[in-house]
Amino acid sequence: MTDILRTEELKIYYGQNEAVKGVDLTFTENSVTALIGPSGCGKSTFLRALNRMNDEIPGSRMTGNIWIDGKNINAPDTDVTVLRQNIGMVWQRPNPFYKSIYANIAFGPKYHGVRNKAELDNIVEDSLRKAALWDEVKDRLHTSALSLSGGQQQRLCIARALSVQPKILLLDEPASALDPVSTAKIEETILQLKEQLCIVIVTHNMQQAARISGHTAYFYMGRLVEYDKTEKIFTNPSDPMTQEYISGRFG
Amino acid sequence: MKFGKSAVLALTLAFSVSLAACGNNNNSSSGSSSSNNASGSANTASSAPASAESTLSGSIIASGSTALQPLVDQAAKKFSETNSDVSIQVQGGGSGTGLTQVSEGQVQIGNSDVFAEEKIDDAAKAAELKDHQVAVVAMAAVVNKEVGVTNLTKQQLVDIFTGKVTNWKDVGGKDQGIVIINRPSSSGTRATFEKYALGQKTEDLKGSIQEDSSGTVKKLVNETPGAIGYLAFSYIDDTVQSVQYDGVDPTADNVTSGKYPVWAYEHMYTKGDPDAATQAFLDYMVSDEVQNGDVVELGYIPVSKMTVTRDKDGNVTNK
Amino acid sequence: MSAKLKDRIATFVIIAFSALIIALLVGMLGYILVKGISHIDWHFLTAEPETIKAGGGIGPELFNSVYLLILTLIITIPLGIGAGIYMAEYAKEGRITVSIRLVVEVLSSFPSIVVGLFGLLVLVNTFNFGFSVLSGALVLTIFNMPLMVRVTEQAFRNVPREQKEAGLAMGLSRWKIITSILLPVALPAIITGTILAAGRIFGEAAALLFTAGLTTPKLDFTDWNPTSLHSPINPLRPAETLSVHIWKVNSEGLSPDAAEIAAGSSAVLVLMVLIFNLLARWAGRLLYRKFTSIK
Amino acid sequence: MKANHETPPFMKANQETPLLFRKHRAEEWIGRIYTTFCVALLIVIIVSIVYFVASKGVSTFAVNGVSLSGFLFGQNWQPDSDKFGALPFIFGSFVTSLLAAVIASPLSVCAALFMTEITPNWGKKVLQPVVELLAGIPSVVYGFIGLSVLVPFLRSVFPGQGIGVAAGSIVLSIMILPTITSIATDALASLPRNLKEASYGLGATRWQTISGVVIPTVLPSILTGVVLGMARAFGEALAVQMVIGNAPHIPSSLFESASTLTSVITLNMSNTVMGSVQNNALWSMALILLLMTFVFVLVVRLLERRTKI
């Protein structure tokens, strides 16, 4: 397994407040890494740093290095639009565009230069299949994406993220707003996608982290407390704080 | 009035860019025609001669007096029928605006109810304008029909408009308070009425009503008990009572014969000597066709019928 | 007086005042319609006005109002939406943004007569556009732009933030996000706001007295050459709009049926405003449904 | 330590098509420049309005030598005898807009209470559209109705000719009613529910709740609406001019003819020649209107600041 993404001494500030206090983490290809920790521990902020989405928040600042593909993306000359094409992202609440299902998926590829209709059709089908949504929507591709159920919308968002063929997929609590059935489907999708992608997922759900991730990182108060194989973290964590959190004593 | 040139320039730039930005047909065409317009004077004979009977061409803009506008408008339409290469635009805007625009060279003809010298402070500017008198408008005092007065002497009118008399019974009418419906101080109608009916300027009385428009004056005189105002002949109808002036009936015949003095010229000013097309139109305005037709129809008095003339200081001479 | 009695009295007063407002509107609409509607027929709507004879119509005035409105919207919409987008998407919170917001607020509260005078001085005289459709449209733009800016800014701010994030995360340029993702969502609100603003433009008179003028040349509806004086679409001809016509007929009208014409024109004007209002509600609802959900 | 693997194919593809990227970059700049231009245009407009109106308005004093205090406090408006006292007009503007606010405010607040506190459902369905329609009626129509209905009515009931300050104020009050109502309604609707519930919970009647809790809380917002309404009344021209009578004097009764800044400008502007003293004096009045707009906006800002705290 090759490393694809690595952070060094990553610190993120919101104004005077230091939200992430120096995190070193490495992510490999074809893996799922879960970021866990109590609310406000900095895990979502860390995740958003990986595709520089924190740039959009006024007053935020970042120091340290993020190496992707041999390049430090925390450098002023980084073209964030190129970066973000290579890193997909899905949020807690599904946010499909107010367009048809087809247009949601085709939008990114079109923008990035795919003009051929057959090719677009292919990408749409392929992305929807990867997100395990194709069979449910193939007969109504041109209806509004908002007519889908919440779980379907979330998988549509995953499909949309996949449509531009990213190498890394960032998931910010993707199932926390969904019912158990939809959650199961999302998890299934994630496990399938693992074969092709590096996935980083923020989750509050311990069982979910245990079910889908290979590695788990526990964040607390902006610090990375412990990082290890998921199995190890959930059975025999080396840090007592991690132990307390996963056994549900706080958080 | 001069503004910083750079400011004007910047503004021009801003507006023209904004027009270009929306890039629509109407605006792009407006750009081209505005430059036509901006050339100011009439655009003579640039196109091929179209009609055989007319050698005149050009575009004329006349603006100003709203009282004169219907007449000029109507005459312009007829003039254009025989001179198809001359386009005439008639705009309102008021005497002051007409004089401003003709004096600044923005229009070819400025219509005015009053002599330019009375409006323009700068004597040199006023002297540049050439007067063309095209009609006479006469006016009469009108009263509410209930007050019971049909004749007022000059002195009685002065007493009323200066506030010395405040009840109709003092001038031979009913026992009723007088309500004055006057014009604003800048009004040409008021200037004429004060000059030739009262013979003096009057101050605005407290509580008097001022309306610039004849229609409103008529409406208010009709509705308001005890009201007195003054209207051009063309506005007078049976909803109000017109009043004899020193025993003389306010009729067109009495005006032309010089018996009834409350009248003024309608002026069409040009800046210096007009070009051929404008001159032809001004000639047409005083032709018999217009004077005996449109002028009478619209309730003015033909300037050609006048047996007396008057200069800007009010000196009357027999023709 | 007991608290209960006070409560009763207060409730009664509130209801009575509210009823009074409704009665006012009904009374005014009723008055205008009763007086005016009998005068409205096809001839009235299409014929030219008469100076001294009875039986004149408001055809050119109606056309002028609509034409001026269209021209104004063509100028205002791109500019207003542009500035609104700047406020919603580009402006960083700071002194400059605060002062721009102040500019918008002040501009939208300028008395229309002052803006009209500015138009007279700068557009009509200095730029020599004359009393014209163009001068009128530019002055109306000054009124309408702040409204459009507000409407647009509000509409963009009401688009869920997640939409923008989704676009950003896909590596779209900001402009692409604005035009392809946010604008379609904001559009129903913008259109509703625009139509309501259009109603206001339609009724504006004070500013147009000094800019679009009090006259209309004879219009030849077969001549569509925009440089010809008698062409209805010539932007440099003077154009008396319907609301200016009401003012003029009311004050200067020589024709015997001036009062009826004023009433009829008022009725037409009020009906147009009513239509604008209904259209705005209807279009807003329809577009919202169309853009957001189930067919 | 650097990651060592091949550059992903998609990234290569992007690097191979710089044209598309240049297009996207250009698009970004065009958008930024275009929107900035639109905002700049707003600023150009406001600066030029202020500049042009001010330069004409000031020339009355700077060029024609009319004394500023004589203009602001002089009671004699006789342009023919070079007396340019504008106090009657300034007074008229303030009195009519204040009176309009005094008449409209209680009505508006009641309408807002009706829509939010008494019958929200029915109120929203009937009163809301009514208020919106009132806002949409053009001012010339208000003037027309004022002259045709209100003036004869006032004439038959009160002393005087019907025309005058009262007629002007009433017409204006109906015109500003929607402004105050909609702002008051918004403020009332955004009031936290628990505030009222606490009062009802203590056994207070509706009126006690409204007068004791609701109104004091939203007072700054209501005042904002009143000020905005006054600003509109202050600048309204045609409707007022048609019914106020236009005598250039400070009236001694509500039913006496008076003038406002806007009415005197409307009446005289087109009759006077640009550059003449009288014309400049009218521009000075326009300048006052302009400055008052700034004052009104400032007051609204101050009130809004109080609302936030």
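Proteins get letters first, then strands, A, B, ... in listed order; numbering begins at 1 in each.
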- Output the option from B/I181, B/D212, B/I120 having the highest count of non-hydrogen pairs under 4.5 Å with chain D. B/D212
- Task: Check whether any side-chain heavy atom of D/N271 sits under 4.5 Å from a side-chain heavy atom of B/K119, and report yes or no.
- Result: yes
- Select, from D/V277, D/V273, D/L147, the one with the greatest count of heavy-atom pairs under 4.5 Å involving chain B. D/V273
- B/S208 and D/S257 have their tightest heavy-atom pair at O-OG, 2.7 Å
- Message: If I measure from the heavy atoms of chain D, does B/K201 come under 4.5 Å with its side chain, its backbone, both, or neither?
- Response: side chain
- Quick one: what part of D/L267 sits under 4.5 Å from any heavy atom of chain B, side chain, backbone, both or neither? both
- Message: I'd like to verify something: which residue of B/G207, B/G64, B/A191, B/S187 has the highest number of heavy-atom pairs under 4.5 Å with chain D?
- Response: B/G207
- Message: Once rounded to the nearest 0.5 Å, what's the spacing between atom CD of D/Q161 and atom CG of B/L220?
- Response: 9.5 Å
- Under a 4.5 Å heavy-atom cutoff, which of B/E211, B/R183, B/Q101 has the most pairs with chain D? B/E211
- From CG (D/N279) to OG (B/S186), nearest 0.5 Å: 9.5 Å
- Item | Min side-chain heavy-atom separation D/P248-B/Q210 under 4.5 Å | yes
- Task: For chain B, find which of D/Q78, D/Q278, D/M269, D/R155 contributes the most heavy-atom pairs closer than 4.5 angstrom.
- Result: D/R155
- What distance do D/H249 atom NE2 and B/D204 atom CG have between them, rounded to the nearest 0.5 Å? 5.0 Å
- Message: Please rank B/V114, B/I180, B/L205, B/T66 by heavy-atom pairs under 4.5 Å with chain D and give me the top one.
- Response: B/L205
- Message: Are there over 12 heavy-atom neighbours, none belonging to B/E203, within less than 6.0 Å of that residue's CD?
- Response: no
- Task: Could you have a look at D/T266, D/I250, D/V151 and say which one has the most heavy-atom pairs with chain B under 4.5 angstrom?
- Result: D/I250
- Item | Side chains of B/K206 and D/S252, donor plus acceptor under 3.5 Å | yes
- Message: So for atom NZ, which belongs to B/K145, do other residues, nucleotides or ligands contribute more than 12 heavy atoms lying within a distance under 6.0 Å?
- Response: yes
- B/T216 versus chain D, the contacting section by heavy-atom distance below 4.5 Å: side chain
- Task: To the nearest 0.5 Å, tell me how far B/S185 OG sits from D/K83 NZ.
- Result: 13.0 Å
